[in-house]
Amino acid sequence: MYRLRNVPVHVLLIAGAVSMILPFFWMVSTSFKTPQEIFLFPPTWVPQSPTVHNYVQAWSEVPFPRYFLNTIIIAACMVCGVIITSCLAAYAFAKLEFPGRETLFILMLSMMIVPQAVYLVPSFIIVSALGWMDTYMALIVPWLAQIFSIFLLRQQFRSIPNDYYDAALIDGCSRMGFLWKILVPLSRPTIITIGLFALLGSWNSFIWPLIMTNTDTLRPIQVGLSYFAQEQGTEHGLMMAAATFCVAPVIVIYFFAQKQVIESYAKSGIKG
Amino acid sequence: MQRGETSVAASTWRGSEWKKLARGLAYIAPAGIIIIVFRVLPIIAAFAVSFYYVMMGKIVGFAGLSQYAMLFRDSEFWNALLNTTYFVIGTVPLSLFLSLFIANLLNQKIRGLGGYRTLYFLPVVTSLVAVAMVWKWIYHPRLGLLNYLVGLVGMTPKMWLEEPRGIFSMIAGGAGLSLPEWASGPSLALVALIITNLWRGLGYNIIIFLAGLQNIPGEYYEAARIDGANRWHMFWKITWPLISPVTFYIVIMTTIVSFQVFTLVYLMTGSPPGGPLGTTKVLVYYIFEKGFESGGDMGYASCVALVLFGIVLSLTLIQRRIIEKRVHYN
């Protein structure tokens, strides 16, 4: 009885899931095809004589290893940096008492309404003025503070009773010590959330590094991939192979941590 | 008496309050300095630059408000605004409907909930660059998967991303009618971008809706069931009103995000991007093109960006006003 009633629901959900997966399937399938097979129409679903040639060629055609290295450096700095700056700022906004705290917090939050498009031109000017154009500095430093992460962490810190804070200070714990020894360990899920956002954000960021880099060797992965796509306009097998190995790391992380990723997004939506 | 109190207050302010303020600011400083230099300063700079004529990144003269006046006569700007509007109107209601529908299907005791959730969310974590590349290949006019699938259901192959004709006039044309220019609607190329954008963002909205639905106490539905309410009634009388804050959030977020579409246009259409015949040129791409591609006219690009900001801000405020009257907060 239970199962019969749910059959139409499953049919709809499976149809939806198939349309979500199909582009990924098509990407991987194309990436293993020979050029001859790619030009078949109607197309074949599964490669008839699978080859890894596309992967080998795409990987060596442009410096993808370098792009990966750049992205890993940027992502590592961003994840650590965002966690440290967010913890410090969120701590001040949640637990320290000082005049103007709430006003400052609201002013900071209001910055989130500004669309990214407004930043393109003036950020370019500021980064040029700092002499950071085409350096790692331009790709990393501006992203070391995330307003939304400060917001999420402040909400979390506020949920921890003030009694802990008072008691710790009376027992001779320093303010810094309380943050790192008590608040941070108690807030692990939220810290993982902001770390994940920083990781995904840096792995997938595109417009910013597109504008801030000229040198091939400085390009992070998405910019490198986009130039590769523009150069290889008709080599569909090569492009799909490159797209596959550029999304693979994130998808692997996603499948291992999918519960945490999805819950992070869900939580951020309701509070945001 | 009064004087005494004031002086006491002033002296405490001088002493411990200043110390507290300094301590608070010290903790905020690492994030705060970055936010000031890379979030606050650029906004001031954006306004400042928009008052100047800039060429190749160099200021060549004071423009005052004349570049804003120029905007009104710039047909490319109006075209970009129209395309962006089509894109938003095509994305928001459909995404809202589909994600609420799927979230409702998922919000019951069904097998494989986790699996469905994981799959629907997968496109959200995938980079837009890869998404654009894959979908461009799917839309390929000669070899694309979509034209193959479309052929299976008996439709003629389409040009997709290379089709400048409006979809309304294409549909009307199929019925032997012809529509005036202004009613021809978004080009099929722009519709193709809307479909890709829907596919990419659906999972996020589903997850947010699902979280909202799971917060509605089960007893409400129990009580309604005892009173003999059917599913349709339960949806409109319980779910819809209680989910309205989430709906509000999703409408605003989807609107703001789709107003800023760039990467899909930049990588899927072309060449140059924005084609065919400028029918997919959207505002952010226009900003990019003006400011960074053709002649580095950053003053004018800033004008366009600030107008975009104005539109997004007023839409948010209007939506807030309209929906606030209907939103039920607990």
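Keep in mind that this is a model prediction, so the values were computed, not measured. Chain A is the first sequence line, chain B the second, and so forth, proteins listed ahead of strands; every chain is numbered from 1.
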Report the relative orientation of the aromatic rings in A:Phe124 and B:Phe292; use parallel for angles under 30°, tilted for 30 to 60°, perpendicular for over 60°. perpendicular
For the residue pair A:Phe206 and B:Tyr266, categorise the inter-ring angle as parallel (less than 30°), tilted (30 to 60°) or perpendicular (more than 60°). tilted
May I ask you to name which of [options] has the most heavy-atom pairs under 4.5 Å with chain B?
{"options": "A:Glu263, A:Arg175, A:Met176", "result": "A:Arg175"}
{"options": "A:Val223, A:Leu120, A:Ile253, A:Leu179", "result": "A:Leu120"}
{"options": "A:Gln146, A:Arg101, A:Met240", "result": "A:Met240"}
{"options": "A:Val121, A:Ile21, A:Leu13", "result": "A:Leu13"}
{"options": "A:Leu200, A:Val250, A:Leu225", "result": "A:Leu225"}
{"options": "A:Val261, A:Ile126, A:Val247", "result": "A:Ile126"}

If you compare all heavy atoms of [X] against all heavy atoms of [Y], which two are closest, and at what distance to 0.1 Å?
{"X": "A:Pro115", "Y": "B:Phe309", "answer": "CD-CD1, 3.2 Å"}
{"X": "A:Pro142", "Y": "B:Ile34", "answer": "O-CG2, 3.6 Å"}
{"X": "A:Phe41", "Y": "B:Leu143", "answer": "CD1-CA, 3.8 Å"}
{"X": "A:Gly16", "Y": "B:Tyr120", "answer": "CA-OH, 3.3 Å"}
{"X": "A:Val9", "Y": "B:Leu105", "answer": "CG1-O, 4.0 Å"}
{"X": "B:Ile207", "Y": "A:Ala266", "answer": "CG2-CB, 3.6 Å"}

From [X] [atom1] over to [Y] [atom2], what is the distance, rounded to the nearest 0.5 angstrom?
{"X": "B:Tyr148", "Y": "A:Leu40", "atom1": "OH", "atom2": "CG", "result": "12.0 Å"}
{"X": "A:Met108", "Y": "B:Arg39", "atom1": "CE", "atom2": "CZ", "result": "11.5 Å"}
{"X": "B:Leu308", "Y": "A:Gln116", "atom1": "CG", "atom2": "CD", "result": "11.5 Å"}
{"X": "B:Lys136", "Y": "A:Met239", "atom1": "NZ", "atom2": "CE", "result": "7.0 Å"}
{"X": "A:Leu96", "Y": "B:Arg23", "atom1": "CG", "atom2": "CZ", "result": "7.0 Å"}
{"X": "B:Leu119", "Y": "A:Phe24", "atom1": "CG", "atom2": "CZ", "result": "9.5 Å"}

Within the 4.5 Å heavy-atom criterion, are A:Ile150 and B:Ile28 side-chain neighbours or not? no
Do B:Leu149 and A:Leu22 come within less than 4.5 Å of each other through their side chains, counting heavy atoms only? yes
With chain A, which of [options] has the greatest number of heavy-atom pairs at distances under 4.5 Å?
{"options": "B:Ile35, B:Val131, B:Leu202, B:Val312", "answer": "B:Ile35"}
{"options": "B:Thr263, B:Leu122, B:Val284, B:Val304", "answer": "B:Leu122"}
{"options": "B:Ile43, B:Ile44, B:Val54", "answer": "B:Ile43"}
{"options": "B:Ala31, B:Gly291, B:Ala26", "answer": "B:Ala31"}
{"options": "B:Ala45, B:Ala46, B:Pro30", "answer": "B:Ala46"}

Region of [X] that comes under 4.5 Å of a non-hydrogen atom in chain B:
{"X": "A:Gln258", "result": "side chain"}
{"X": "A:Ser19", "result": "backbone"}
{"X": "A:Ile113", "result": "both"}
{"X": "A:Ile221", "result": "neither"}
{"X": "A:Leu210", "result": "side chain"}
{"X": "A:Leu12", "result": "both"}

Would you confirm whether A:Asn204, through its side chain, and B:Leu128, through its main-chain N or O, come within 3.5 Å as a donor-acceptor pair? no
Is it the case that atom CD in A:Gln230 sees more than 12 heavy atoms from other parts of the structure closer than 6.0 Å? yes
Tell me whether the count of non-hydrogen atoms from other residues, nucleotides or ligands lying under 6.0 Å of CZ in B:Phe101 goes above 12. no
Go through the steps to decide whether A:His10 and B:Tyr116 satisfy the test side chain to side chain contact (heavy atoms under 4.5 Å, CB included), and finish with yes or no. CA-CA 10 Å; A:His10 279 288; B:Tyr116 286 124; 2.8 Å; yes
Would you mind checking which part of [X] comes under 4.5 Å of any heavy atom in chain A, side chain (CB onward), backbone (N, CA, C, O), both or neither?
{"X": "B:Val125", "answer": "both"}
{"X": "B:Phe209", "answer": "neither"}
{"X": "B:Val257", "answer": "neither"}
{"X": "B:Leu113", "answer": "neither"}

Take B:Thr126 and A:Tyr254 through the test side chain to side chain contact (heavy atoms under 4.5 Å, CB included) and record every step on the way to the result. CA-CA 10 Å; B:Thr126 310; A:Tyr254 172 66; over 6 Å; no
Determine, stepwise, if the pair B:Leu146 / A:Trp26 fulfils side chain to side chain contact (heavy atoms under 4.5 Å, CB included). CA-CA 11 Å; B:Leu146 192 58; A:Trp26 196 238; over 6 Å; no
From CA spacing to verdict: side chain to side chain contact (heavy atoms under 4.5 Å, CB included), A:Trp45, B:Leu145: CA-CA 9 Å; A:Trp45 284 107; B:Leu145 179 64; 3.7 Å; yes
With sequence neighbours excluded, residues passing side-chain hydrogen bond (donor to acceptor under 3.5 Å, both in side chains) with B:Glu289: B:Lys281
